[in-house]
Amino acid sequence: MVEKMTKYIPASYESKALAHNSSITVKTKFNESKLTAIQIIPEEVNAIFNQQAVEKMQEEAIDCQSPELDVITGATESSSAVKRALKDCFAKASGKEMRHAKTLKDGTYQASAPSYGFMYPMTGEVTFQDNKIKDINITKESDSLTSQWFEVAKEKMIPRIIKNQSLDTGVVTGASASSVAIRSITEKAIAKAGGDVNDWHIPVSTKTDTVILKDYDVIVVGLGGSGVLSYCAAAKSGAKVFGIEAAGAIGGNSVSTFGPMVVNSKELNAKYNNGQDNIDPADLYKTWIKYVGSDSKAEVIKTAIDQCGPAIDYYIKNFGFSFDGVFPGAPVGGFLPSFVRKDWTKEWIIYTADKDNKKWYISGPDHAFQFENALEKAKKMNPNNDYKVELRAKKLLTDDAGKIIGVKAKYYDGTIYQIYAKSVILASGGFIGNAQMMKEVYGADCHVFGSTTAKGDGIRMARELGADTYALKTLPMIHISQVPYIIRDNSLSADQKAILSALATTPDAIQIDETGTILGSKDDTGTTNSDLKIQTAFAPGFHYYNAYSQDEIDQIREHGLSEITTKINIFAIGQGGKMPVANTPIRDIDKIIDQTIKHRNAWKGTVREIAELLNMDQAKLEKALGSKNGLFYLFENAAYAYATCGGLNINEKMNVLRKDGSVIDNLFAVGQDSEGVENKNGEAYTPWGGQAQAWTFVSGKIAGENVASL
Ligand SMILES: Cc1cc2nc3c(=O)[nH]c(=O)nc-3n(C[C@H](O)[C@H](O)[C@H](O)COP(=O)(O)OP(=O)(O)OC[C@H]3O[C@@H](n4cnc5c(N)ncnc54)[C@H](O)[C@@H]3O)c2cc1C
């Protein structure tokens, strides 16, 4: 009789592994001799790692009876996460646990990896001792854009990796680029020490506990600008408040901004305008109503104007906010002119930067401390006030009658929180970080300049309970275009990156749309293809190309860039380096171009080759380039967005409205979650200057005070 071979312990096994910044669960069933069933469950899908890819991997696993599956092209991180989780299931079924099989050589190893910074990658050193990760020390980080987030990643990621002796600890929300860089540095060091990186992606068990918190007056969902300001006003009005923040730190995009529009703040007019009004509210109101082309939200717009000054004064006096900021190099603080109305010479103002009013990041003054101080002060106003970071709100809780009674949220370690309160303020910052929702609303996704933690949760949760939206299709804030893939490694120096940015964005080149037609051309209906820019904003998905002939590139090599090109403002999203003086030969232009092509930001070829590569009309491209002979270089430009501007429909008390116009008494929406009421579908958001920030102050104060009175 042939004895049956027992390979596995028959049972179901489950494992989880981390992809880029979301996890993938693999559920399996084994009989004594083989894997009989598999289910791959990704936390998030995208255009490449979609249902089809999941099914392909499931089939392959059953066919080959091994975790060594083919990688899905373009989804390497997700594929390797599936492989690691499956490997863990195989190990469990065989009665073994995955362990650090290959011994690491003791010592300290240096490595670097691309992070959020523009100029250089992050560099660090990892120390191993007795086959364990003993220490991770980040020695260099050039994260000049949002350096507070790097600090958050460093503070949270490193102890988690060391404690779990695993790289599958998850990334810190809001600081995912820095977290991934820390993880990559550790992976590279493991490889240098002779280890197998896969062995160190051991699934970290997540918690399944539920924590119940009761008896709050209000829960604030999102502690960015509008959330902190709501929290403060509610606390000062006597409410017992709980704040929920998904990211590893509070502040959201609001801590990366320049500052708010101001309409007659007594404090700021006394300081910077000899006590005179800085703007005429009646003129502003008239202009605003004309811009949105409707008075259906006239009451809200009037409130936004009338309450702007008093709200800013309230936060200056009670919570220590200050607006003495200056642009680098400018002599004094004070008001700035509007972007669109030249006669509004004193329309908005800049936050004071750090405690010495000096620290400045590319995107604005470093004023996170103002929000942190205000929140701590508000928290102390009631011993029962509290807040928690790395906690993402998932769902509004309701009673049998459908009344909102709280929020269900998930902590980074898997713990579920059920928090109960009389009312909820939604302050989750809009939906710029939700690619799927962007596509649904605008038909196109967008590169993001700022934080992507705003996933549309506030809008989604309210809609699930019948809430209405208003001007959801207002164009997002998109004023900047730049190469689609910012080069964050050190394949080019900072100065070379500056030249690349200038070549891609200068108007001193032939500019071509995605069909191969020159920008500014009119089609048969008389529509101009550069109408993609609507007032002050680009449309999502907007992209175009700057084209150069071989002759022009040769000219640049020998005689440098033009005056116009060297004057290009690459300050906001540029690459951090210095532009050369006009007409200075750029001897390394070929290296710059090679790297640009490698990073998929430029294409080189004949007209036919480029038309094929970019799916353009060859005849149109030939016409645009003015020749069909020789080589051409096309540098791509894509739109970068700060935030979405459409949101929930609310009234002037910040109460969310249902589709039938009725009021949801205990649900409020502030900041970008309700910004649509000041805007219009299909148009750029109201472009006066600082209007979104002004709304965080007005909506935050009103919502906070109103919840306290419920
Ligand atoms: C670089 C940059 C510069 C800008 N400059 C200006 C300017 O000068 N003037 C101006 O008026 N506007 C400016 N803006 C626009 C700015 O986005 C808004 O003014 C501001 O962010 C609105 O505040 P908010 O509270 O709605 O959003 P945020 O401040 O972004 O806060 C939203 C918060 O909600 C959190 N969150 C999201 N989902 C959840 C969830 N489910 N659970 C818990 N928490 C959640 C997020 O993590 C975030 O902390 C700028 C934006 C950027 C990116």
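Just follow the structure's listing: the first ligand is 1, and inside any ligand the first atom is 1.
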* Asked: If you measure from each non-hydrogen atom of K455 to ligand 1, which part falls under 4.0 Å: side chain, backbone, both or neither?
  -> neither

* Asked: Hey, what's the ring geometry for Y685 with H479, parallel, tilted or perpendicular (30° and 60° as the breaks)?
  -> tilted

* Which atoms of ligand 1 sit under 4.0 Å from any heavy atom of F449? -> 1 (C), 53 (C)

* Should V255 be listed as contacting ligand 1, given a heavy-atom distance under 4.0 Å as the test? -> no

* Structure fact -> For G671, the ligand 1 atoms with a heavy-atom partner under 4.0 Å come out as 26 (O)

* Could you give me the CA-CA distance, side-chain angles and deciding distance for D457 and V221, then say whether side chain to side chain contact (heavy atoms under 4.5 Å, CB included) is met? => CA-CA 9 Å; D457 290 336; V221 174; 5.9 Å; no

* Subset of ligand 1 atoms that lie under 4.0 Å from at least one heavy atom of D457 -> 38 (N), 40 (C), 41 (N)

* Check each of P476, G430, S256, G458 against atom 1 (C) of ligand 1 and report the one with the nearest heavy atom. => S256

* Asked: Where do M438 and P476 come nearest, in terms of heavy atoms and distance?
  -> CE-CG, 4.2 Å

* To do: Show which atoms of ligand 1 fall inside a sub-4.0 Å distance from at least one heavy-atom site of G429.
  => 26 (O), 27 (O), 32 (C)

* Provide the number and element of each atom of ligand 1 under 4.0 Å from a heavy atom of S226. => 24 (P), 25 (O), 26 (O)

* Asked: Is there any N or O on A694 that sits under 3.5 Å from an N or O of ligand 1?
  -> no

* Region of A643 engaging ligand 1 - heavy atom pairs below 4.0 Å -> side chain

* Asked: Do the side chain of N666 and the main chain of I404 share a donor and acceptor less than 3.5 angstrom apart?
  -> yes

* Asked: Does any N or O atom in W348 lie less than 3.5 angstrom from one in ligand 1, N or O only?
  -> no

* Judging by distance only, is a nitrogen or oxygen of G690 under 3.5 angstrom from one on ligand 1? -> yes

* To do: Check whether any N or O atom of S254, backbone or side chain, sits under 3.5 Å from an N or O atom of ligand 1, and answer yes or no.
  => yes

* **K297 NZ/CZ over Y470 ring centroid, <6.0 Å and within 45° of normal** => yes

* Asked: For the residue pair F150 and Y116, is the inter-centroid distance of their aromatic rings smaller than 6.0 Å?
  -> no

* Asked: Angle class for the F319/Y314 ring planes (parallel below 30°, perpendicular above 60°, tilted otherwise)?
  -> tilted

* Any cation-pi pair here, R160 with Y412, using under 6.0 Å and within 45°? -> yes

* To do: State the atoms of ligand 1, each with its element, that fall below the 4.0 Å cut-off from a heavy-atom position in R392.
  => 38 (N), 39 (C), 40 (C), 41 (N), 42 (N)

* Can you find an N or O of A246 that's nearer than 3.5 Å to an N or O of ligand 1? -> yes

* Which ligand 1 atoms, with their elements, are less than 4.0 angstrom from a heavy-atom of G259? -> 7 (C), 8 (O), 9 (N), 10 (C), 11 (O)

* Taking E245 for the side chain and G222 for the main chain, is one N or O donor matched with an acceptor at less than 3.5 Å? -> no

* Asked: Any N or O on N253 sitting closer than 3.5 Å to an N or O of ligand 1?
  -> yes

* Test applied, ring pair (Phe, Tyr, Trp, His ring centres under 6.0 Å); reference residue, F323; option that passes from W348, Y351, Y272 -> Y351

For residues 413-431, dump all side-chain donor-acceptor pairs below 3.5 Å to protein atoms at least two apart in sequence or in another chain.
residue: D413; atom: OD1; partner: T415; partner atom: N; Å: 3.0
residue: D413; atom: OD1; partner: T415; partner atom: OG1; Å: 2.7
residue: D413; atom: OD2; partner: T415; partner atom: OG1; Å: 3.4
residue: Q418; atom: NE2; partner: Y420; partner atom: OH; Å: 2.9
residue: K422; atom: NZ; partner: D217; partner atom: OD1; Å: 3.0
residue: S423; atom: OG; partner: D217; partner atom: O; Å: 3.2
residue: S428; atom: OG; partner: G458; partner atom: N; Å: 3.0
residue: S428; atom: OG; partner: D673; partner atom: OD1; Å: 3.3
residue: S428; atom: OG; partner: D673; partner atom: OD2; Å: 2.9

* Options A427, A454, G222, G174, ranked by nearest heavy atom to atom 32 (C) of ligand 1, top entry -> A427

* Can you find an N/O atom of G225 closer than 3.5 Å to an N/O atom of ligand 1? -> yes

* Using 4.0 Å as the upper bound for N to carboxylate O, is an ion pair formed by D468 and R463? -> no

* Going by the ring pair (Phe, Tyr, Trp, His ring centres under 6.0 Å) test, which pairs reach into residues 208-229, not counting sequence neighbours? -> Y216-F242

* Asked: Going by the atom numbers of ligand 1, which of them fall below 4.0 Å from some non-hydrogen atom of T696?
  -> 22 (C), 23 (O)

* Would you say G251 contacts ligand 1, with heavy atoms under 4.0 Å as the rule? -> yes

